[in-house]
A.B. asks: 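Right, I'll just put the structure down here and ask away after.
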Amino acid sequence: MPKIMPVMIEVGLASRYFQGESEVHDDKTGGDDVSEVFQIRSFQPGDKIQNIHWKLSAKEEELMVRENSQPMGCPVVILLDISGGQKETEKQRNHFFEMVISISFGLVEKQCPHYIAWYDEKEHDLIRVRVDKEEKVYYFILLLYGAVQSREKMDIALLYQEKYRGETAVTKIEMNLAGKLIVAGTEIEDFAKAEIRV
């Protein structure tokens, strides 16, 4: 298991209140996504008429309304370049895994869900994992350790953009096996002293 280093991560308002598309919905608060129902409750003054659940209201003999759910989008995307053409040393490879897991853990601690994506030659596809809790960090690391490195150089950002067209994110973080770290287009020189703003 890679060593987890403390990372200074600042989650901005755009990331904190990000409402992008997602298949995962908040189970604690309602929202505006009509595709998923958060709860059904008694009608209260101010509720919209179009939210009334007419069949259930007839059965219960009182007005019942659907409260819509809130999608939990991922404001941060971490793109990992493990493709060929990189002659990394074991020290660089270990540093890469330490960077990845440290940033992911830092985001989880700040309650900032994020995607981590890389190209796996064995699958001939881009692999993406949603990370929103500690268990998912261990899960993606297990998958990443088992990933087969492509011999040819891959443009991970382009592959991601093609596969997930129309998806938005607040911050994109890019890393490669040589230890290069780019956050929102800016290269971070010293990871140990980095303050990452998302």
Side-chain angles (χ1 to χ4, degrees), residues 1-2 4 7 9 11 14-15 18-25 33 35-36 71-90 92-108 110-188 191 194 196-198:
M1 188 70 183
I4 301 170
V7 181
I9 294 178
V11 179
S15 293
F18 181 72
Q19 293 189 357
E21 295 289 319
S22 178
E23 296 172 4
V24 178
H25 290 80
D33 186 1
S35 68
E36 190 84 18
M72 295 178 64
C74 289
V76 178
V77 175
I78 302 174
L79 302 174
L80 307 177
D81 184 0
I82 61 168
S83 63
Q86 301 179 55
K87 301 292 183 200
E88 77 282 350
T89 64
E90 186 175 336
Q92 286 175 315
R93 191 170 181 80
N94 289 339
H95 181 65
F96 168 78
F97 279 105
E98 287 171 359
M99 282 192 328
V100 173
I101 198 167
S102 297
I103 290 173
S104 187
F105 258 112
L107 289 168
V108 167
K110 296 284 185 175
Q111 298 178 343
C112 182
H114 53 284
Y115 288 122
I116 297 184
W118 64 91
Y119 184 81
D120 189 335
E121 182 65 29
K122 182 173 71 177
E123 301 294 328
H124 299 291
D125 198 8
L126 193 71
I127 306 299
R128 180 172 86 161
V129 176
R130 178 190 169 90
V131 181
D132 51 9
K133 53 188 167 191
E134 188 176 330
E135 296 82 27
K136 290 291 189 102
V137 177
Y138 295 117
Y139 174 70
F140 95 75
I141 278 291
L142 184 67
L143 290 178
L144 188 57
Y145 269 135
V148 175
Q149 186 178 357
S150 169
R151 289 195 174 121
E152 64 181 76
K153 183 78 174 131
M154 307 297 285
D155 186 340
I156 304 304
L158 183 62
L159 287 172
Y160 190 89
Q161 184 181 345
E162 288 174 356
K163 186 166 183 176
Y164 299 102
R165 289 182 197 277
E167 183 181 272
T168 59
V170 175
T171 306
K172 182 170 65 173
I173 299 173
E174 299 174 71
M175 293 185 231
N176 70 16
L177 288 168
K180 190 173 191 178
L181 172 63
I182 300 171
V183 179
T186 304
E187 188 170 347
I188 305 292
F191 174 69
I196 297 171
R197 291 185 172 94
V198 296

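Along the sequence shown, the residues carry numbers beginning at 1. No hydrogens, no waters, no symmetry mates; every other heavy atom, side chains included, goes into these values.
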A.B. asks: How long is the span from the OH atom in Y160 to the NZ atom in K172, to the nearest 0.5 Å?
C.D. replies: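 Reported value, rounded in 0.5 Å steps: 10.0 Å.
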A.B. asks: Considering all heavy atoms of both residues, which atom of P75 and which atom of S15 are nearest to each other, and what is their separation?
C.D. replies: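 Closest heavy-atom pair between P75 and S15: CG-O, 3.6 Å.
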A.B. asks: So do V148 and E123 actually touch side chain to side chain, heavy atoms under 4.5 Å?
C.D. replies: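 When only atoms from C-beta onward are counted, V148 and E123 do not touch, as no gap falls below 4.5 Å.
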A.B. asks: Can you confirm whether Q111 is buried at CD, in the sense that more than 12 heavy atoms of other residues, nucleotides or ligands lie under 6.0 Å from that atom?
C.D. replies: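 No, not enclosed.
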A.B. asks: For M175 and I103: C-alpha separation, side-chain torsions, deciding distance, then whether side chain to side chain contact (heavy atoms under 4.5 Å, CB included) applies.
C.D. replies: CA-CA 11 Å; M175 293 185 231; I103 290 173; 3.5 Å; yes
A.B. asks: To the closest 0.5 Å, what do you measure between CZ (R93) and CD1 (I82)?
C.D. replies: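 Taking CZ in R93 and CD1 in I82, the distance rounds to 7.0 Å.
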A.B. asks: Apply side chain to side chain contact (heavy atoms under 4.5 Å, CB included) to N176 and E174, showing your working.
C.D. replies: CA-CA 7 Å; N176 70 16; E174 299 174 71; over 6 Å; no
A.B. asks: Please round to the nearest 0.5 Å and tell me the distance separating atom NZ of K153 and atom OG of S83.
C.D. replies: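 Spacing of NZ (K153) from OG (S83) equals 4.0 Å.
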A.B. asks: Could you give the distance from CD1 (I173) to OG1 (T186), rounded to the nearest 0.5 Å?
C.D. replies: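 So the gap between those two atoms works out to 11.5 Å.
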A.B. asks: Taking salt bridge (Lys or Arg N to Asp or Glu O under 4.0 Å) as the test, write out the residues that go with D125, two or more places apart.
C.D. replies: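 D125 satisfies salt bridge (Lys or Arg N to Asp or Glu O under 4.0 Å) with K163 only.
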A.B. asks: Closest approach of I9 and L107, non-hydrogen atoms and distance?
C.D. replies: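 Minimum heavy-atom separation between I9 and L107: CD1-N, 3.6 Å.
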A.B. asks: Between CG of L79 and CE of M154, what distance do you get to the nearest 0.5 Å?
C.D. replies: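 Answer rounded to 0.5 Å: 13.0 Å.
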A.B. asks: To the closest 0.5 Å, what do you measure between CH2 (W118) and CD (Q149)?
C.D. replies: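 One gets 14.0 Å once the value is rounded to the nearest 0.5 Å.
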A.B. asks: Give the minimum heavy-atom separation between V131 and S104, together with the two atoms involved.
C.D. replies: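 Closest pair (atom of V131, atom of S104, distance): CG1-OG, 3.6 Å.
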A.B. asks: Between A14 and V170, which heavy-atom pair has the shortest distance, and what is it?
C.D. replies: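 Closest heavy-atom pair between A14 and V170: O-CG2, 3.7 Å.
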A.B. asks: For residues 137-145, dump all side-chain donor-acceptor pairs below 3.5 Å to protein atoms at least two apart in sequence or in another chain.
C.D. replies:
from : atom 1 : to   : atom 2 : distance (Å)
Y138 : OH     : E134 : OE2    : 3.3

A.B. asks: Applying side chain to side chain contact (heavy atoms under 4.5 Å, CB included), name anything that partners D155, two or more places apart in sequence or on another chain.
C.D. replies: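 Applying side chain to side chain contact (heavy atoms under 4.5 Å, CB included) to D155 gives A157, L158.
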A.B. asks: With sequence neighbours excluded, what pairs up with I188 under the side chain to side chain contact (heavy atoms under 4.5 Å, CB included) test?
C.D. replies: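 Checked I188 against side chain to side chain contact (heavy atoms under 4.5 Å, CB included); matches are L181, V183, A194.
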A.B. asks: List in chain and number order the residues that pass side chain to side chain contact (heavy atoms under 4.5 Å, CB included) with E187, two or more places apart in sequence or in another chain; answer none if no residue qualifies.
C.D. replies: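 Expected list: K180, I182, E189.
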A.B. asks: Can you name the nearest heavy-atom pair linking A147 to D120, along with the distance?
C.D. replies: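 Smallest heavy-atom distance, with atoms named: CA-OD2, 3.5 Å.
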A.B. asks: Testing the basics here: between Y119 and H124, what is the closest heavy-atom pair and its distance to 0.1 Å?
C.D. replies: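 Scanning both residues completely, I find the closest heavy atoms to be OH-CA, 3.3 Å.
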